[in-house]
Amino acid sequence: MILVTAASGRTGRSLVRALVRAGKRVRAADIAPSVSELRDHGADEAVVADLLEPGDLRKAMQGIKSVIHIGPLFHHREAEIGHAVVAEARRAEVEHFVQFSVVHPQIEALLNHQAKLAVERAVIQSPIPFTILQPMHYLQNIDVAATVRSGVHRKPFSHDSRLAQVDLEDVTTVAAKVVGDPHHHYATYELCGSDYVNGHQIAAVIGEVAGRPITTELQPLSDFASSGRQRREEDEFPYDAMYRLWGHYSRYGITGNPNVLGWLLGRPPTTLREYVVRELQAAATDN
Ligand SMILES: NC(=O)c1ccc[n+]([C@@H]2O[C@H](COP(=O)([O-])OP(=O)(O)OC[C@H]3O[C@@H](n4cnc5c(N)ncnc54)[C@H](OP(=O)(O)O)[C@@H]3O)[C@@H](O)[C@H]2O)c1
C-alpha cells in the first residue's frame with residue numbers, strides 16, 4: 001500500500017489518478033474531508049489526517065510499504081511536517097520514501113524552497129531508501145480556458161521572464177513509475193518541461209491554438225493580499241512566500257533541464273502547445 005500525503009490538493013489528486021492507472025494500491029491522506037472523494041477515483045483508502053497530529057500520522061502510516069510525501073502548499077510548518085512524516089515512516093519501517101520537492105531547492109531566498117531543502121536533507125539522512133522528485137512550476141498554473149475567454153494572459157510576475165514549466169500529469173506519471181522500484185532508490189530527479197518561454201510567448205501559443213489574439217497583463221499583487229488585519233504567522237506566511245516567489249521569477253525566471261523527465265517517461269515531455277490543445281479540448285467537452 002502506498003501512502004499519499006496532501007492527497008486532496010492539486011498535486012495529490014493527479015498523483016492518485018496516476019497511481020490508480022498504474023494499478024497501485026493507494027491510501028490517500030489529507031486534512032481536508034474532501035479526501036474521501038478520492039475513493040470514487042480508485043483510491044483503496046482515504047483518511048482525514050492532520051500531518052501535524054502524531055496520532056493521525058501514525059494511523060495513516062500503518063501497514064504502508066511506500067510513502068509519497070507532498071508538502072502542503074505555502075504552509076508555515078512545511079519543514080516540520082516533512083520531518084514528522086520522515087520520522088514516522090522510519091518508525092513504521094517503510095521501504096521507499098518518495099519526496100515531492102521542487103526544482104532548485106537551494107534557492108533559499110524562497111520560503112517554499114527553503115522548507116523543501118530541509119526536508120530533502122532529512123530524507124537523505126534517513127536510513128529509508130528514497131527518491132526525490134524536483135518538479136518545476138506546473139503548466140497547470142496557466143488557466144488556458146479562462147485566458148481564451150478573457151483574451152488576456154494574466155500572471156503576477158513579469159511576462160519577460162522565462163520559465164521551463166512542466167506538465168503535472170508528466171510529473172505524477174513519473175512518480176507512479178518510480179515508487180516501489182529499487183532502480184530509482186537514492187536518486188534525485190529534476191523534472192522540467194522543454195519549452196523555456198516567457199509570458200508573451202505563452203500568450204502567442206494560446207492565441208495560435210485558439211485562433212484569437214491574446215494580450216498579456218501583469219496581475220497586481222493586491223489580488224492576493226491578506227486582509228491586513230491578520231498578523232499570525234500562518235496567515236501571513238503564504239503571502240510572504242508568494243511575493244518572494246514572484247519577485248524571484250520576475251528577476252531571474254526559472255529554468256532546468258528536461259532530459260531526465262524525457263528519460264523517465266520514455267518519450268519527450270508534454271510541450272506547451274500540447275498542453276494548450278489538451279486544455280481547450282477538455283474545456284470544449286465540459287461545455
Ligand atoms: N504549483 C506548482 O507549480 C508546484 C510546482 C512544484 C512543486 N509544488 C509543490 O507541490 C506541493 C503541493 O502543491 P499543491 O498545489 O498540490 O497544493 P494544494 O492544492 O494546496 O494541496 C495541499 C493539500 O494539503 C492539505 N493540507 C494542509 N495542511 C495539512 C496538514 N496539516 N495535514 C494534512 N494535509 C494538509 C490542504 O488542505 P486544505 O486545503 O484544507 O488546507 C490541501 O488539500 C507544494 O509543496 C508545492 O510547493 C508545486
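First listed ligand is number 1; within each ligand, the first listed atom is number 1. What you are looking at is a predicted structure, and each value in this text was computed from that prediction instead of being measured.
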Supply the atom-to-atom distance T216 OG1 to R154 CZ, rounded to the nearest 0.5 angstrom. 11.5 Å
As an exercise, identify every atom of ligand 1 less than 4.0 angstrom from a heavy atom of D50. 30 (C), 31 (N), 32 (N)
How far apart are the closest heavy atoms of C192 and N257, and which atoms are they? CB-O, 3.8 Å
Criterion side chain to side chain contact (heavy atoms under 4.5 Å, CB included) on L163 and F157, from CA distance to verdict: CA-CA 11 Å; L163 279 75; F157 54 89; 3.7 Å; yes
Pair T270, D167: side-chain N/O donor-acceptor within cut-off below 3.5 Å: yes
At a 4.0 Å threshold, what atoms of ligand 1 neighbour a non-hydrogen atom of I70? 11 (C), 12 (C)
Looking only at protein heavy atoms, which one is nearest to atom 38 (P) of ligand 1, and how far off is it? I31 CG2, 4.1 Å
Quick check: D30 and ligand 1, any N/O pair under 3.5 Å apart? yes
What is the closest protein heavy atom to atom 45 (O) of ligand 1, and at what distance does it sit? G71 O, 2.7 Å
dist H184:NE2 -> I132:CD1 (nearest 0.5 Å) comes out at 14.5 Å
Within the 3.5 Å criterion, strictly below it, is a donor on N198 or H200 matched to an acceptor on the partner's side chain? no
Which protein heavy atom lies closest to atom 24 (O) of ligand 1, and at what distance to 0.1 Å? A6 CB, 3.4 Å
N/O of K116 under 3.5 Å from N/O of ligand 1, yes or no? yes
Report the distance from atom CG of N112 to atom CZ of F237, rounding to the nearest 0.5 Å. 7.5 Å
List every atom of ligand 1 that sits less than 4.0 Å from any heavy atom of H75, numbering the atoms from 1 in the order shown and giving each element. 28 (N)
Which protein non-hydrogen atom lies closest to atom 6 (C) of ligand 1, naming both residue and atom, and how far is it? P135 O, 3.5 Å
May I ask whether S101 has any heavy atom positioned less than 4.0 angstrom from an atom of ligand 1? yes
Measuring from I68:CD1 to Q99:CD, what's the distance to the nearest 0.5 Å? 11.0 Å
Proximity winner for atom 15 (O) of ligand 1, if only heavy atoms of V119, L73, L191 are counted: L73
Return the residue, atom name and 0.1 Å-rounded distance of the protein heavy atom closest to atom 27 (C) of ligand 1. P72 CB, 3.5 Å
Would you mind telling me if ligand 1 is within reach of the side chain of A49, the backbone, both or neither, using heavy atoms under 4.0 Å? backbone
When only distance counts, is V102 in polar contact with ligand 1, meaning an N/O pair under 3.5 Å? no
May I ask you to identify, for V35, whether its side chain, its backbone, both or neither come under 4.0 Å of ligand 1 on a heavy-atom basis? neither
For the atom pair OG (S161) and CZ (R251), what is the distance rounded to the nearest 0.5 Å? 11.0 Å
According to a 4.5 Å side-chain heavy-atom criterion applied to Ile, Leu, Val, Met, Phe, Trp and Tyr, with indirect links allowed, do V48 and I64 form part of one hydrophobic cluster? no
Among all the protein's non-hydrogen atoms, which is closest to atom 39 (O) of ligand 1, and how far away is it? A32 CB, 4.9 Å
Heteroatom distance test (N141, ligand 1): nitrogen or oxygen, under 3.5 angstrom: yes
Rounded at 0.5 Å granularity, tell me how far CG in L51 sits from OG1 in T5. 5.5 Å
Proximity to ligand 1 by part of M136, non-hydrogen separation under 4.0 Å: backbone
Option set F74, Y138, F100, criterion heavy-atom distance to atom 1 (N) of ligand 1, minimum: Y138
Between E78 and ligand 1, which part of the residue brings a heavy atom under 4.0 Å of the ligand: side chain, backbone, both or neither? side chain
Apply the ring pair (Phe, Tyr, Trp, His ring centres under 6.0 Å) test between Y249 and each candidate in H104, H159, H137; give the one that qualifies. H137
Check S34 against ligand 1 and report side chain, backbone, both or neither, counting heavy atoms closer than 4.0 Å. neither
Passing option when F130 is tested against F100, Y186, Y189, F97 for ring pair (Phe, Tyr, Trp, His ring centres under 6.0 Å): Y186
Tell me which protein heavy atom sits closest to atom 13 (O) of ligand 1, plus the residue, atom name and distance to 0.1 Å. T11 OG1, 3.5 Å
Test side chain to side chain donor-acceptor pair (under 3.5 Å), reference S101, set K116, E120, H113, output is E120
Around atom 21 (O) of ligand 1, find the nearest protein heavy atom and jot down its residue, atom name and distance. G9 CA, 3.1 Å
Check whether any N or O atom of L51, backbone or side chain, sits under 3.5 Å from an N or O atom of ligand 1, and answer yes or no. yes
